[in-house]
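Read through the structure below, which is laid out as structure tokens, and then see the notes.
Each chain gets a letter, A, B and so on, in the order the sequences are listed, and its residues count up from 1.
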Protein chains: 2
Amino acid sequence: MGTLVGMTPRIDPLSLEVVELIGTIVARYHEEYEEAAAQHSLTGAQARVLSLLAGGPTPMRRLAQRLKCEPSNVTGIVDRLESRGLAERRLDPADRRVKLAAATEAGRATSERLRGSLDFAREPLAELSDEERTILRDLLKRMLGIAP
Amino acid sequence: MGTLVGMTPRIDPLSLEVVELIGTIVARYHEEYEEAAAQHSLTGAQARVLSLLAGGPTPMRRLAQRLKCEPSNVTGIVDRLESRGLAERRLDPADRRVKLAAATEAGRATSERLRGSLDFAREPLAELSDEERTILRDLLKRMLGIAP
DNA sequence: TATTGTTATACTCTATAACTATA
DNA sequence: TATAGTTATAGAGTATAACAATA
């Protein structure tokens, strides 16, 4: 109180505006993702795992790393996908400790339809021209610290 | 199989790249938010409510609308904030049915520190010049369908 | 000994439905 | 009767700790 020590540094109005826009995008992205998942009776976590499995059989441990959660949580998520016939567990011939989670044929189909219902990709970007999209891409890359 | 009927429309590579960049931003944004909340021993939902309360006393109903969840959930979240002395419930003189959730002095302080630890605002944008930030702002606005 | 996956436990968030007190 | 908030309940995600099988 009455001192500036320890106070949050003020952010300029322009940056603040950009940050708020990004916050809006984040919110909308999540809404759409959860909505698309729900349309297939999946939770967000289940949809995320199913999408990962579309890339091929994956050790439980690796799924946990991708989800940034503890390995013990993945057990339940895959259990629920498995009980609905969307995923299955396989043994890894190379290391008998690991179990590979894999999408079933039904799982791949669901994953594909899920991807199709994520309108976030097409709709908002349709507003921009190719040139503008290129500019946007490069700015986002710089923001994320990815090479030019 | 063998037919295009019902297939997901192909998205052009440039748009796909932008979408993936946005996905990366969304992921990073969430990571940082949860991390910042955890640093203050708050869950994401608790941090979000506390931030809303920084805007002034708010009816429980309105909090549910902002969080896009059922009103019954807000009861527990505010309970937990209240039990830690970060929030309190007040009566609305105008309508005795409504309860106003409000941040305590400690709650406001925590909310302020929380805001300060959200580096996402400053760090990535620092890479861009003022002019670039302006371009980024306008592109994001167009993307979100917000007037020029 | 170290690693992989699982189980057991506890907490939080979530939706649904039923309840109360106001309006 | 309609609305605001709560309670009760059940399911899902999460972290922690302890455990079995394998390396």
Take L86(B) and L42(B), measure what side chain to side chain contact (heavy atoms under 4.5 Å, CB included) needs, and give me the verdict at the end.
CA-CA 11 Å; L86(B) 300 175; L42(B) 295 169; 3.9 Å; yes

Under-4.0 Å salt bridge between [X] and [Y]:
X	Y	value
R108(B)	E105(B)	yes
E17(A)	K141(B)	yes
R89(A)	D79(A)	yes
R28(A)	E31(A)	no

Starting at [atom1] of [X] and ending at [atom2] of [N], how long is that distance when rounded to a whole Å?
X	N	atom1	atom2	answer
L67(B)	dC13(C)	CG	P	10 Å
L63(B)	dA4(D)	CG	C1'	13 Å
E70(A)	dA17(D)	CD	P	10 Å
N73(B)	dA4(D)	CG	P	16 Å
R62(A)	dG5(C)	CZ	C1'	16 Å
E82(A)	dG5(C)	CD	P	14 Å
K68(B)	dT14(C)	NZ	P	13 Å
I77(B)	dT12(C)	CD1	P	11 Å

Between R80(B) and P71(A), which residue's closest nucleotide on DNA chain C lies nearer the 5′ terminus?
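It is P71(A), whose closest nucleotide lies nearer the 5' terminus.
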
Heavy atoms only: give me the nearest V18(A)-R133(B) pair and the separation to one decimal.
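So the minimum-distance heavy-atom pair works out to CG2-O, 3.8 Å.
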
Can you name the closest pair of heavy atoms from P57(A) and L100(A) and give their distance?
CB-CB, 4.1 Å

Show your reasoning for whether side chain to side chain contact (heavy atoms under 4.5 Å, CB included) applies to T43(B) and R80(B).
CA-CA 10 Å; T43(B) 64; R80(B) 276 155 228 136; over 6 Å; no

Which pairs, protein N/O on one side and nucleotides 17-23 of chain C N/O on the other, fall under 3.5 Å?
residue : atom : partner : partner atom : Å
dA23(C) : OP1  : R96(B)  : N            : 3.1

When you check the phosphate oxygens OP1 and OP2 of dT4(C), does a side-chain N or O of K99(A) lie under 4.0 Å from one of them?
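Negative; the distance criterion is not met.
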
Over 12 non-hydrogen atoms of neighbours within 6.0 angstrom of CZ in R62(B)
no

Which residues, if any, of residues 43-61 of chain B bring a heavy atom under 4.0 Å of DNA chain C?
T43(B), A45(B), Q46(B)

